[in-house]
Amino acid sequence: MKPMKQVITRFPPSPTGFLHVGNARTAVFNWLYARHMQGKFVLRIEDTDRQRSTQKAIDVIFESLEWLGIDWDEGPFYQTQRLDIYNEYLEKLIQSGHAYYCTCTPEEIEAMRKKAMASGGKPRYDGTCRDKDLAKTENAVVRFKAPQVGTTVVEDVIKGNIVFQNDELDDFVLVRGDGIPTYNFAVVIDDITMNVNTVIRGDDHVMNTPKQMLIYKAVSSPLPVFGHVPMVLGKDRTRFSKRHGAVSVTAYRDMGYLPDAMLNYLVRLGWSHGDQEFFSRDELINVFDIEHIGRSAGVFDPEKLLALNADHIQATPTVELFKPLSPFLIKHGINIEEGPDAQSVIETLKPRSKTLKDMAEQAIFYYADDITYEEQAAQKFLKPAALEPMRVLTDQLEVLGEFTEKNLEDAFKATMEQTGLKLGKIAQPVRVALTGKTASPGIFEIISIIGKDRVISRLKKAICFIEGLDG
RNA sequence: GGUCCCAUCGUCUAGUGGUUAGGACGCCGGCCUCUCACGCCGGUAACGGGGGUUCGAAUCCCCCUGGGAUCACCA
């Protein structure tokens, strides 16, 4: 039995800014596939564009990947540190006649483009230096001697076969005048030397693929499996960008999204597993496959991501929420270690929170020393009519022993009997007194969590507030 | 413009010749109820158009239309 070759995928971002969610999605696909196949996932930083690459951007890539829970088995590799390797292959290509030096200046290239366009032709390199067999000189670039006849067919595992006429390709540049390889050359050599055999990348690379295949062929290396995933679009069906809203992975982290929700959403945008919408991380690793990646572009829908995030918040064990929630609480001056029992607090907020940020905001009243009443709420409920039930309830609570659900219910029942009011009439003013708002978790829940002393002091404060209205 | 890709509810999608075209988000009702959520029940809404092939097409073929990608010494 022939052993299956181990799958090796990769993610090669260029560090020129933040990590775009669209890019993150292809990282996720590659990572999931490697994990699913028990293969390897390599990270490579494509920093050959020296003008635009920054260390800051590199850090953001690590930060984003780590937050998403995407780990790599090899790398990070940096292309700028691999120049010797590219040179080695370049020599081979020149020796074997697959590449040649070209001394045409950018101005000359531009001129030939214009000329070609004017005569209705294609804007491509005209092959001036193709057969001159020039030696290396200062500022000379190296071009690939592309075949001018025949076809190159990309066997795409997602899109199927794509046929390209070789005469559509021109002698593209492999190495720039400054000795830095261009993208198409560097990727191929990297993928070959890193043993990458499965290349899943964005749709926008389809046109590069035949060029790259030609290089593989020229250096006699076996081709990897190619799969091009469709783009992520914005609401107006153009490439998803800032105009459409938040696009960086870290932005979603900062808005209080859970990494698992992000992962789930990103995968589900362009891949499916029957009718299933919700996936845990492990589940994804188990069932992910390339076969079910769709062929058409998808619109990024923040609403659905939000809904999915709410689902993941609910599905996450409460204790696992402490850590990710904490930074959001701190922004409101709340330390999760102090005050009411965090476990209970979060439990009451889970079904009501779409994001962690949202949850933190709703948690404020549990910890606050002073409750400020929302104007509308106070106006509607903290009025003289609420005075009696609040006083009666306060008395009831003061003599109450333990604040259990049962005890509290009894206290409210007694209050209802004494005042002849229904629960709703009593609970709403109390809710405003305790939270400042008209909406909150269940009244018994919050009373027991906030605790006797604080509850009574808040009730008394509210009573004073109402009395103050008269005088 | 050349080349290439794509096309099921508003959005993400299931569907691989015979289904009342399913699910999810959103939206709209209802139930639950101490408020708000959650949950549950129900509803709204799609095969871009035209030709074929076939007893029968969302599914296969062609054309049109529409969208997208790409045409660098960027990646």
Side-chain angles (χ1 to χ4, degrees), chain A residues 12-16 46-49 51-53 79 102 104-106 109-110 113 117 120-125 139-143 154 156 158-160 162-165 168-170 172-184 186-187 202-210 228 230-231 233 235-239 265 268-278 292 294-308 310-311 314 348-354 362 377 381 409 412 422-428 430-432 435 437-445:
Chain A
S14 52
T16 54
E46 309 221 324
D47 54 355
T48 53
D49 183 340
Q51 262 68 46
R52 300 195 300 151
S53 299
Q79 292 188 320
C102 167
C104 296
T105 64
I109 303 285
E110 189 51 38
R113 269 203 197 100
M117 297 264 261
K122 292 167 185 170
R124 56 217 291 278
Y125 181 64
N139 291 328
V141 302
V142 180
R143 286 183 184 276
V154 178
D156 193 293
I158 294 170
K159 294 178 176 296
I162 307 170
V163 181
F164 291 89
Q165 299 298 321
E168 287 291 329
L169 275 26
D170 68 349
F172 55 94
V173 172
L174 294 176
V175 176
R176 302 174 172 92
D178 62 2
I180 305 291
T182 59
Y183 166 75
N184 281 124
V187 222
D203 227 352
D204 49 341
H205 286 289
V206 175
M207 300 308 226
N208 288 321
T209 310
H228 292 92
M231 303 272 84
L233 310 176
K235 192 87 187 151
D236 60 2
R237 305 206 73 90
T238 62
R239 210 193 196 98
Y265 179 73
R268 208 33 255 284
L269 176 59
W271 173 85
S272 62
H273 186 66
D275 279 343
Q276 193 173 347
E277 299 284 348
F278 185 98
H292 291 88
R295 324 112 292 261
S296 54
V299 174
F300 188 93
D301 181 3
E303 288 283 317
K304 188 152 183 175
L305 168 58
L306 189 64
L308 203 48
D311 289 346
Q314 284 222 64
T348 65
L349 263 20
K350 269 165 89 171
R352 286 166 241 264
S353 307
K354 302 256 192 210
Q362 295 187 76
F381 295 107
E409 251 186 83
F412 270 81
K422 296 205 169 192
L423 180 56
K425 291 286 179 195
I426 304 171
Q428 275 311 81
V430 170
R431 189 184 313 281
V432 175
T435 71
K437 291 180 280 200
T438 56
S440 83
I443 198 78
F444 303 131
E445 291 177 289

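First the proteins, then the strands, lettered A, B, ... as listed; each starts at 1. Note that the structure is a prediction, hence the values are computed from the model and not measured.
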Report all interatomic pairs (protein N or O, nucleotide N or O of nucleotides 14-16 of chain B) with separations under 3.5 Å.
residue: B/rA14; atom: OP1; partner: A/Ser272; partner atom: OG; Å: 2.8

Heteroatom pairs (N/O) under 3.5 angstrom, protein to nucleotides 29-34 of chain B:
residue: B/rC34; atom: O2; partner: A/Arg431; partner atom: NH2; Å: 2.4
residue: B/rC34; atom: N3; partner: A/Ile443; partner atom: N; Å: 3.2

For a quick check, tell me whether the side chain of [X] and the base of [N] share a donor-acceptor pair closer than 3.5 Å.
{"X": "A/Arg352", "N": "B/rC36", "result": "yes"}
{"X": "A/Glu277", "N": "B/rG23", "result": "yes"}
{"X": "A/Lys159", "N": "B/rC5", "result": "no"}

Round to the nearest Å and state the distance from [X] atom [atom1] to [N] atom [atom2].
{"X": "A/Leu306", "N": "B/rA24", "atom1": "CG", "atom2": "C1'", "value": "14 Å"}
{"X": "A/Gln51", "N": "B/rA72", "atom1": "CD", "atom2": "C1'", "value": "14 Å"}
{"X": "A/Lys122", "N": "B/rU3", "atom1": "NZ", "atom2": "P", "value": "6 Å"}
{"X": "A/Lys235", "N": "B/rG10", "atom1": "NZ", "atom2": "P", "value": "11 Å"}
{"X": "A/Leu349", "N": "B/rC36", "atom1": "CG", "atom2": "P", "value": "16 Å"}
{"X": "A/His228", "N": "B/rA75", "atom1": "NE2", "atom2": "C1'", "value": "13 Å"}
{"X": "A/Ile180", "N": "B/rC73", "atom1": "CD1", "atom2": "C1'", "value": "11 Å"}
{"X": "A/Leu305", "N": "B/rU11", "atom1": "CG", "atom2": "P", "value": "18 Å"}

Using the side-chain heavy atoms of A/Tyr183, tell me which of these nucleotides is nearest: B/rG26, B/rA75, B/rC38.
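Closest nucleotide to the A/Tyr183 side chain: B/rA75.
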
Kindly point out which of B/rC6, B/rG26, B/rC38 is positioned nearest to the side chain of A/Ser296?
B/rC6

Contact class for [X] (heavy atom, under 4.0 Å): base, sugar-phosphate, or nothing?
{"X": "A/Thr438", "value": "base"}
{"X": "A/Gly298", "value": "sugar-phosphate"}
{"X": "A/Val141", "value": "base"}
{"X": "A/Thr182", "value": "sugar-phosphate"}
{"X": "A/Cys104", "value": "base"}
{"X": "A/Gly270", "value": "sugar-phosphate"}
{"X": "A/Thr48", "value": "sugar-phosphate"}
{"X": "A/Gln165", "value": "nothing"}

Salt bridge between A/Arg239 and A/Asp204, side-chain N to carboxylate O under 4.0 Å?
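Between A/Asp204 and A/Arg239 there is a salt bridge, with a charged N closer than 4.0 Å to a carboxylate O.
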
Anything under 3.5 Å between a protein N or O and an N or O of nucleotides 60-66 of chain B, put it in a table, one pair a line.
none

In whole Å, measure the gap between the [atom1] atoms of [N] and [M] for me.
{"N": "B/rU13", "M": "B/rU54", "atom1": "P", "value": "35 Å"}
{"N": "B/rC4", "M": "B/rA37", "atom1": "C1'", "value": "49 Å"}
{"N": "B/rU70", "M": "B/rG51", "atom1": "P", "value": "36 Å"}
{"N": "B/rG26", "M": "B/rC41", "atom1": "P", "value": "16 Å"}
{"N": "B/rG23", "M": "B/rA57", "atom1": "P", "value": "25 Å"}
{"N": "B/rG29", "M": "B/rA46", "atom1": "C1'", "value": "22 Å"}

Heavy-atom nearest nucleotide on RNA chain B taken for A/Asp178 and for A/Leu269; more 5' hit belongs to A/Leu269

Would you kindly compare A/Ile158 and A/Ile109 by the position of their nearest RNA chain B nucleotide and give the one closer to the 5′ end?
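Its nearest nucleotide lies further toward 5', so the answer is A/Ile158.
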
For A/Lys350, does the NZ atom have more than 12 heavy-atom neighbours from other residues, nucleotides or ligands under 6.0 Å away?
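Yes - once you tally the heavy atoms of other residues, nucleotides and ligands closer than 6.0 Å, there are more than 12.
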
Ring pair (Phe, Tyr, Trp, His ring centres under 6.0 Å) partners of [X], counting only residues at least two apart:
{"X": "A/Tyr265", "answer": "A/Phe300"}
{"X": "A/Tyr125", "answer": "none"}
{"X": "A/Phe164", "answer": "none"}
{"X": "A/Phe412", "answer": "A/Phe444"}

Does A/Arg113 place a side-chain N or O at less than 4.0 Å from the phosphate oxygens OP1/OP2 of B/rC73?
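For B/rC73, OP1/OP2 do have a side-chain N/O of A/Arg113 under 4.0 Å.
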
Who does [N] pair with, Watson-Crick or G-U, both distances under 3.5 Å?
{"N": "B/rC36", "value": "none"}
{"N": "B/rA58", "value": "none"}
{"N": "B/rU16", "value": "none"}
{"N": "B/rU11", "value": "B/rA24"}
{"N": "B/rC4", "value": "B/rG68"}

Dump every N/O contact between nucleotides 68-70 of chain B and the protein below 3.5 Å, one line per pair.
residue: B/rU70; atom: OP1; partner: A/Arg239; partner atom: NH1; Å: 3.4

Report yes or no: do A/Thr182 and A/Asn184 form a side-chain donor-acceptor pair below 3.5 Å?
no

Going by the side chain to side chain contact (heavy atoms under 4.5 Å, CB included) test, name the single residue among A/Val163, A/Thr209, A/Val206 that passes it with A/Val154.
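Testing A/Val154 for a side chain to side chain contact (heavy atoms under 4.5 Å, CB included) against A/Val163, A/Thr209, A/Val206 leaves exactly one candidate, A/Thr209.
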
Of all residues at least two apart in sequence or in a different chain, which pass the salt bridge (charged side-chain N to carboxylate O under 4.0 Å, His left out) check with A/Arg113?
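Once residues adjacent in sequence are excluded, the partners of A/Arg113 under the salt bridge (charged side-chain N to carboxylate O under 4.0 Å, His left out) criterion are A/Glu110.
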
Output all residues satisfying salt bridge (charged side-chain N to carboxylate O under 4.0 Å, His left out) with A/Lys304, sequence neighbours left out; order by chain, then residue number.
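Expected list: A/Glu277.
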
Return the set of residues passing side-chain contact (heavy atoms from CB on, under 4.5 Å) with A/His273 (not counting sequence neighbours), or none when no residue passes.
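Partners of A/His273 by the side-chain contact (heavy atoms from CB on, under 4.5 Å) criterion, ordered by chain and then number, come out as A/Trp271, A/Gln276, A/Phe279, A/Val287.
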
Taking side chain to side chain donor-acceptor pair (under 3.5 Å) as the definition, give me every residue that meets it alongside A/Ser440, ordered by chain and number, with sequence neighbours left out.
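Listed in chain order: A/Arg431.
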
Correct closest heavy-atom pair for A/Leu349 and A/Pro441 would be CD1-CG, 3.7 Å

So, A/Arg237 side chain and A/Leu233 main chain: donor-acceptor pair closer than 3.5 Å or not?
no

Any sub-3.5 Å donor-acceptor pair from A/Asp156's side-chain atoms to A/His228's backbone N or O?
yes

